[in-house]
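Worksheet: the structure to be examined is printed underneath.
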Amino acid sequence: MKMNYLQQRNRQRRRRRFLSGLIIVVLSGTVAGVYLLAPQGITGTLHTFASPVWAVKDWVGERTAALGSVVTAKSSLQRENDELRDQLQIARVELGQRSIMEAENRLFRQMWGRASSTSGVLAAVLTTPPQSPHDLIVLDAGERQGVVLNDRVVFGDIGLGHIQEVYTDTAVAQLYSTTDAETRGVIVGEDVTIVMVGEGGGSFRAEIPRDVRVVEGDVIILPDSRSLEFARVVEVTVDPTDSFRRIRARSPLNIAQLRWVRIIDHNESLF
């Protein structure tokens, strides 16, 4: 009985050894086969599976590169458009400045032509209202150029004011329209002398008898020089209960745009 048990155990051991050996042989063969076939088999398999991935990658790369080229081209075109727009704006500004300079040169030549046939000093206007207060203008001519106090300042046949301060190479002129400054004037066609009171900024006011005829557009000249205009009527109001007419007038020039004036002796009679 004991003998049979021992024999059975020996057979089980031999079976286990055989199975273990068989497993080792199979595993060893498998490993050897994989090792021998890997350079071709695995690589081919990977290539088969990877080819679509690589194709997609190439397609995406090409499209991305194309899109990048388009974006770059649009950015370059936008930059060129901006540069052209800036150049056009600069050209417009330069053209405008050139037009202004040409107009000023023509004006200068006209005034110089007048000055060459009459006395006086041609002066550039350095500042005008509102840069200078109280309807004052600063001129680039002074004692050195022969300017003296109370000299008259004119522009063509328009009277502007008189010299209030004189320095070596500059002078300050007070305009007739200075606030509360009184200037005697004559209404052309009526030969009536009135007192024009400055309101600043080239504006005037005055009161005249109701029986004096005056309408919008009437010209007011300086009484001591019958050709020098200094204001034009822009408004006439009448109160039925009042014995006076009230008028408002303005200088025919835009004082803020003055560039050149002529300074003449206050006793000189022009035209």
Side-chain angles (χ1 to χ4, degrees), residues 107-108 110-188 191-207 218-234 247-271:
L107 175 61
F108 179 82
Q110 292 172 359
M111 293 189 64
W112 184 254
R114 287 176 178 266
S116 63
S117 60
T118 60
S119 61
V121 177
L122 191 65
V125 178
L126 301 180
T127 63
T128 60
Q131 287 79 19
S132 54
H134 310 300
D135 272 26
L136 303 177
I137 58 175
V138 180
L139 309 174
D140 73 342
E143 291 179 353
R144 197 192 304 272
Q145 291 74 33
V147 178
V148 298
L149 287 176
N150 295 321
D151 275 355
R152 181 173 288 164
V153 179
V154 300
F155 181 90
D157 58 354
I158 297 172
L160 298 173
H162 63 273
I163 298 297
Q164 185 182 58
E165 300 175 19
V166 181
Y167 304 96
T168 303
D169 291 300
T170 58
V172 178
Q174 176 179 302
L175 302 180
Y176 295 132
S177 59
T178 297
T179 302
D180 294 331
E182 295 184 353
T183 304
R184 294 175 65 83
V186 176
I187 301 175
V188 175
D191 288 332
V192 175
T193 301
I194 61 176
V195 177
M196 304 296 294
V197 180
E199 292 187 324
S203 297
F204 302 88
R205 70 178 184 275
E207 291 186 348
D218 279 353
V219 174
I220 302 172
I221 61 176
L222 295 170
D224 57 348
S225 181
R226 292 287 177 158
S227 297
L228 282 178
E229 172 187 358
F230 76 98
R232 292 181 184 177
V233 178
V234 296
I247 67 173
R248 291 190 177 276
R250 286 193 61 82
S251 170
L253 288 177
N254 185 340
I255 305 301
Q257 295 181 352
L258 279 177
R259 295 294 179 268
W260 302 91
V261 296
R262 191 150 55 92
I263 304 170
I264 62 174
D265 187 277
H266 69 282
N267 292 319
E268 183 175 348
S269 180
L270 298 180
F271 313 104

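Computation of the quantities below employed the complete heavy-atom set of this structure, encompassing side-chain atoms and omitting hydrogens, waters and symmetry-equivalent molecules.
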*Going by heavy atoms in the side chains, are Ile194 and Ile247 under 4.5 Å from each other?*
yes
Checking Val233 against Ile220 for the side-chain contact (heavy atoms from CB on, under 4.5 Å) test, could you report, in this order, the C-alpha distance in whole Å, the side-chain angles of both residues, the deciding distance, and whether it holds? CA-CA 8 Å; Val233 178; Ile220 302 172; 4.1 Å; yes
Margin query: I want to check something: taking the side chain as every heavy atom from C-beta on, are Glu182 and Val197 in contact at a cut-off of under 4.5 Å?
Written below: yes
Looking only at heavy atoms, the pair that brings Val166 and Glu143 closest together is CG1-CG, 3.3 Å
Taking C-beta and beyond as the side chain, do Glu165 and Leu136 meet within less than 4.5 Å on heavy atoms?
no
Here the gap from Asp169 atom CG to Arg144 atom CZ, rounded to the nearest 0.5 Å, amounts to 4.0 Å
Nearest heavy-atom approach of Arg205 to Asp180 is NH2-OD1, 3.9 Å
Between Val147 and Ala171 the two heavy atoms that sit nearest each other are CG1-CB, 4.2 Å
task: Begin with the C-alpha distance, continue with both residues' side-chain angles, and end with the deciding distance and a verdict on side-chain contact (heavy atoms from CB on, under 4.5 Å) for Val125 and Val261.
output: CA-CA 7 Å; Val125 178; Val261 296; 3.8 Å; yes
Rounding to 0.5 Å, atoms CG (Asp224) and CZ (Arg152) come to a distance of 4.0 Å
Is there side-chain contact between Ile158 and Leu160, with at least one heavy-atom pair below 4.5 Å? yes
Problem set entry | Flag side-chain contact, heavy atom, 4.5 Å: Leu139 against Gln145 | no
Quick one: does Leu175's side chain get under 4.5 Å of Ile137's, heavy atoms only?
yes
Correct closest heavy-atom pair for Val153 and Ala173 would be CG2-CB, 3.7 Å
Scanning both residues in full, the closest heavy-atom pair of Ala231 with Ala249 reads CB-CB, 4.0 Å
Leu228 and Ile221, any side-chain heavy atoms less than 4.5 Å apart = no
Smallest heavy-atom separation, Gln174 atom then Ala181 atom, equals NE2-CB, 4.0 Å
One should read off an interatomic distance between Ile163 CD1 and Asp265 CG, to the nearest 0.5 angstrom, of 11.5 Å
What orientation do His162 and Tyr176 show, parallel under 30°, tilted 30 to 60°, or perpendicular over 60°?
tilted
In this structure, OG1 of Thr178 is separated from CZ of Phe204 (nearest 0.5 Å) by 8.5 Å
Rounded to the nearest 0.5 angstrom, the CG-CG distance for Leu126 and Asp140 is 5.0 Å
Between the CZ atom in Arg248 and the CE atom in Met196, the distance rounded to the nearest 0.5 Å is 10.0 Å
